[in-house]
Amino acid sequence: MTPSARRIPIPRPSAPGSLLLAALAATPAALCWVTVTAAPGARADERAVLSPAGRSTGEPGAHGAREPRAVAAFDGGSGKRGVRPSGASARSFSGSGPGARTWTYGSVVPAATGPGALGAGDHSDAGSAVNLIVPVAVLVAALLTALYASTRRRRRTTIRTTPAATGWGGVGAAGPQAPLPLLDARTAADLVDTDDAVHTSEEELEFALGRYGEEAVAPFAEALDHARDELAAAFRLRQRLDDGFPEGEATRRRLLEEIVRRCADANSRLDAVTEDFDRLRGLEQHAAQAVAAAEAAFSGLADRVAAAEAALDGMAERYGESATAPAAGDLARARERMAFATTGLDRARAAVDGGAAAEAAVYVRAAEGAIGQASTLVGAVRRRATELAEAAEKLPGVLTGAETDLAEAAGLLDGTSEDAPAAEVGAVAARVRAVLDDVDGDLRAGRYDPVDALRRVGEADTALDAALADAHELEHGSLRARTLLEGSMLTARSAISAAADYISTNRGAVGCPARTRLAEARRKWRRATGLPEAGDPRGALAEARHADALAVRARSLAEQDVRDHLAPEGPDGSYGSGDGTGGAVLGGILLGGLFGGNGGPGEGFGGGPGSFGGGGTRGRRGGEGPFLTDGP
């Protein structure tokens with residue numbers, strides 16, 4: 001789904017504001033009226049006889065003694081025209097004799113009528129009136145202007161809903177405040193769309209990097225880094241909201257509006273460089289070369305798939321089903337993406353041979369997206385094998401350390417009173433013993449999950465270590481914390497990588513909560529890597545444990561999103577034509593799916609493939625999507 005900025009109506013001026021505007025508009029007219037009123041020598045009953053060009057005319061002597069005053073009324077002794085258009089009509093015609101016509105170029109406004117009216121000899125009185133009235137009118141206009149500006153400024157302050165964000169996804173600087181539930185839902189959608197745009201941009205940038213090198217893609221990598229930073233900050237704010245930190249409505253609204261602004265900024269930065277990126281790649285101009293490069297990448301990936309299958313077989317022989325299930329799922333999705341890539345490449349090659357370069361560019365871009373995701377999934381299989389081996393190697397040492405802590409706890413409890421610290425140590429020690437017994441049973445069974453075992457032992461022993469430190473009222477646990485930290489960092493890294501791969505390759509169905517937890521897990525893990533060097537291994541251990549828990553939760557939420565998305569399609573959760581198109585929509589390769597608003601088997605599969613860019617440009621290749629047909 002490519003979000004569009006919602007238009008917030010611009011508020012109309014309030015009633016006082018409307019009155020002030022009317023007063024300001026009337027002030028110049030009042031000044032003009034005063035000036036004309038004071039023009040000397042003009043009488044209410046006099047009309048000038050003019051030619052069509054606006055000059056006084058008529059039969060000779062037609063005006064008699066009034067002609068000089070008529071001329072004076074227009075030309076004025078001061079050199080200004082003391083006339084204005086009549087209120088009813090600016091022009092009127094009447095006969096004035098044979099062949100003559102009278103054109104009233106606006107009625108001459110009298111200064112006054114009746115007794116005491118100004119005449120030709122009352123110039124001094126008129127000047128006094130002007131000298132008095134004009135400054136007063138100017139002063140009134142200035143006061144009205146200041147009052148209106150102040151009123152509008154106060155009104156704009158009370159109705160502002162965002163920090164003046166503009167562009168994609170921006171909220172106007174003025175307008176009625178959106179209800180908080182609506183604003184909350186918008187931020188979730190913006191985060192999903194921005195995260196998708198970043199993933200798609202990363203995937204296509206990899207192909208551009210492989211062909212053109214780092215120097216050529218540097219401006220686009222910089223834009224992508226900026227988008228990542230803004231997105232990470234936005235996710236951090238979302239996590240803060242989910243944690244329930246802000247208690248007040250004003251604080252919550254401010255954070256939601258900042259999320260919208262940061263997402264808009266991330267997308268705008270990517271959108272700004274898409275034209276240059278397209279010129280660099282030149283897919284339409286160099287379609288044949290692009291197809292050849294994608295085919296070469298596909299061929300190399302096929303060899304890696306075979307190696308991943310062998311690695312999975314080896315894992316299945318050594319470890320339990322829970323250890324290998326994530327890798328088996330990754331490999332199955334990799335095969336599905338490869339099938340889709342095969343379809344895309346075949347159609348791209350046919351389009352090139354048929355001279356349809358633009359169509360070939362669409363197909364090759366879709367194939368690239370599938371190849372990129374397949375590469376990620378194959379890499380996840382090999383990484384899982386490495387993580388399981390590392391965990392199996394570290395587990396004996398962690399088990400020994402836990403047994404040592406249990407012995408220390410037993411010594412502390414011997415001969416002590418049943419005070420609160422001792423009771424807590426005893427309860428935690430009992431839980432650690434239960435975990436160690438379970439893990440020992442798994443090891444004896446032969447096939448187990450070393451990553452899960454390491455996680456369980458680490459969690460239990462970390463709690464026991466903290467309880468012992470509190471009971472001793474000492475801070476001597478740094479050495480033990482460093483030992484526990486090593487295993488906790490491994491399990492956290494494993495959980496984060498697994499969640500990230502699953503979310504990125506199923507992003508067409510994964511919502512905001514899973515992505516938010518993953519972003520927070522990454523932030524916690526980065527903090528954990530820096531704290532030991534700062535002399536705080538215990539703090540690093542706590543951050544690592546938290547990162548691990550968040551990543552596990554993120555994966556769980558993402559899997560539930562996918563199950564919910566696929567549930568209507570049948571018990572096996574499969575849909576599509578068998579050529580991998582359904583998986584391409586689920587993976588966000590083709591724009592559509594649950595959050596795109598036009599995915600699903602009953603509606604067809606989304607639009608064209610996603611490309612490098614933000615929300616305003618990443619769907620620029622293809623509208624209805626050529627993958628809805630049987631091919632070119």
Side-chain angles (χ1 to χ4, degrees), residues 311-330 380-409 427-468 477 480-502 521 524-525 528 537-538 540-556 559:
L312 181 61
D313 292 340
M315 285 186 281
E317 292 176 359
R318 295 183 57 190
Y319 308 116
E321 183 179 356
S322 65
T324 60
D330 290 338
V381 175
R382 301 301 303 270
R383 186 187 65 246
R384 182 65 174 175
T386 301
E387 291 167 351
L388 289 171
E390 290 181 3
E393 183 180 353
K394 293 181 182 300
L395 184 59
V398 174
L399 289 171
T400 300
E403 292 287 358
T404 300
D405 285 344
L406 282 176
E408 182 180 351
V428 175
R431 289 197 294 271
V432 172
R433 171 50 58 196
V435 169
L436 294 183
D437 290 344
D438 287 343
V439 170
D440 184 63
D442 292 340
L443 290 173
R444 292 178 183 277
R447 296 172 67 239
Y448 69 106
D449 184 346
V451 171
D452 179 67
L454 188 65
R455 176 180 290 116
R456 286 186 289 155
V457 174
E459 288 175 350
D461 199 17
T462 297
L464 179 57
D465 182 66
L468 287 172
R480 181 64 183 142
R482 290 183 185 277
T483 303
L484 291 171
L485 179 61
E486 189 175 352
S488 296
M489 290 293 285
L490 190 155
T491 58
R493 185 178 72 246
S494 174
I496 290 172
S497 298
D501 291 342
Y502 187 87
K524 292 286 186 181
W525 193 83
R538 299 186 69 86
L541 180 60
E543 294 287 0
R545 301 290 342 136
H546 197 182
D548 190 11
L550 284 166
V552 170
R553 179 60 176 161
R555 173 70 182 255
S556 176
E559 289 175 342

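Annotation for Tyr448 and Ala392: closest pair OH-CB, 3.7 Å, computed over non-hydrogen atoms. Of all the heavy atoms in Arg384 and Ser494, the pair that sits closest is NH1-OG, 3.5 Å. Nearest approach of Ala544 to Ser488, heavy atoms of both residues: CB-CB, 4.1 Å. Taking both residues in full, the closest heavy atoms of Ala429 and Leu406 are given as O-CD2, 3.4 Å, listed atom of the first, atom of the second, then distance. Contact between Ala499 and Ala551 at its shortest, heavy atoms only, is CB-O, 3.7 Å. Pairing each heavy atom of Val428 with each of Ala467, the nearest pair is CG2-CB, 4.4 Å.
With a 6.0 Å radius and a threshold of 12 heavy atoms from other residues, nucleotides or ligands, Glu559 has its CD atom above the threshold. The neighbour count for Glu393 CD, taken as heavy atoms of other residues, nucleotides or ligands under 6.0 Å away, does not exceed 12. Atom CZ of Arg456 has more than 12 neighbouring heavy atoms from other residues, nucleotides or ligands inside a 6.0 Å radius. The neighbour count for Arg553 CZ, taken as heavy atoms of other residues, nucleotides or ligands under 6.0 Å away, does not exceed 12.
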Sequence neighbours excluded and cut-off under 3.5 Å, please list the side-chain donor-acceptor pairs for residues 314-330, or say none.
residue, atom, partner, partner atom, Å
Ser322, OG, Asp449, OD2, 3.3
Thr324, OG1, Glu321, O, 3.4
Asp330, OD1, Arg333, NH2, 2.5

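For the atom pair Arg545 CZ and Leu550 CG, the distance stands at 11.5 Å (nearest 0.5 Å). The distance from the CG atom of Leu443 to the CG atom of Asp438 is 11.0 Å, given to the nearest 0.5 Å. Between atom CG of residue Leu490 and atom NZ of residue Lys394 there is a gap of 6.0 Å, rounded to the nearest 0.5 Å. Here the straight-line distance linking atom CZ of Arg383 with atom CD of Glu390 works out to 11.5 Å at 0.5 Å rounding. Separation of atoms CG (Leu541) and CE (Met489) is listed at 10.0 Å; rounding is to 0.5 Å.
Between Arg433 and Glu403 there is a salt bridge, since at least one side-chain N of the basic residue sits less than 4.0 Å from a carboxylate O of the acidic one.
A 4.5 Å side-chain heavy-atom check between Asp461 and Leu484 finds at least one atom pair inside the cut-off. For the pair Leu436/Asp440, no side-chain contact is recorded, criterion being any heavy-atom separation below 4.5 Å from C-beta on. The side-chain heavy atoms of Arg493 and Ile496, taken from C-beta on, include no pair separated by under 4.5 Å. A 4.5 Å side-chain heavy-atom check between Glu459 and Thr462 finds every atom pair outside the cut-off. Contact annotation: the side chain of Asp442 never approaches that of Asp452 to less than 4.5 Å [non-hydrogen atoms, C-beta and beyond].
Between the Ser556 side chain and the Val552 main chain, no donor and acceptor come within less than 3.5 Å of each other.
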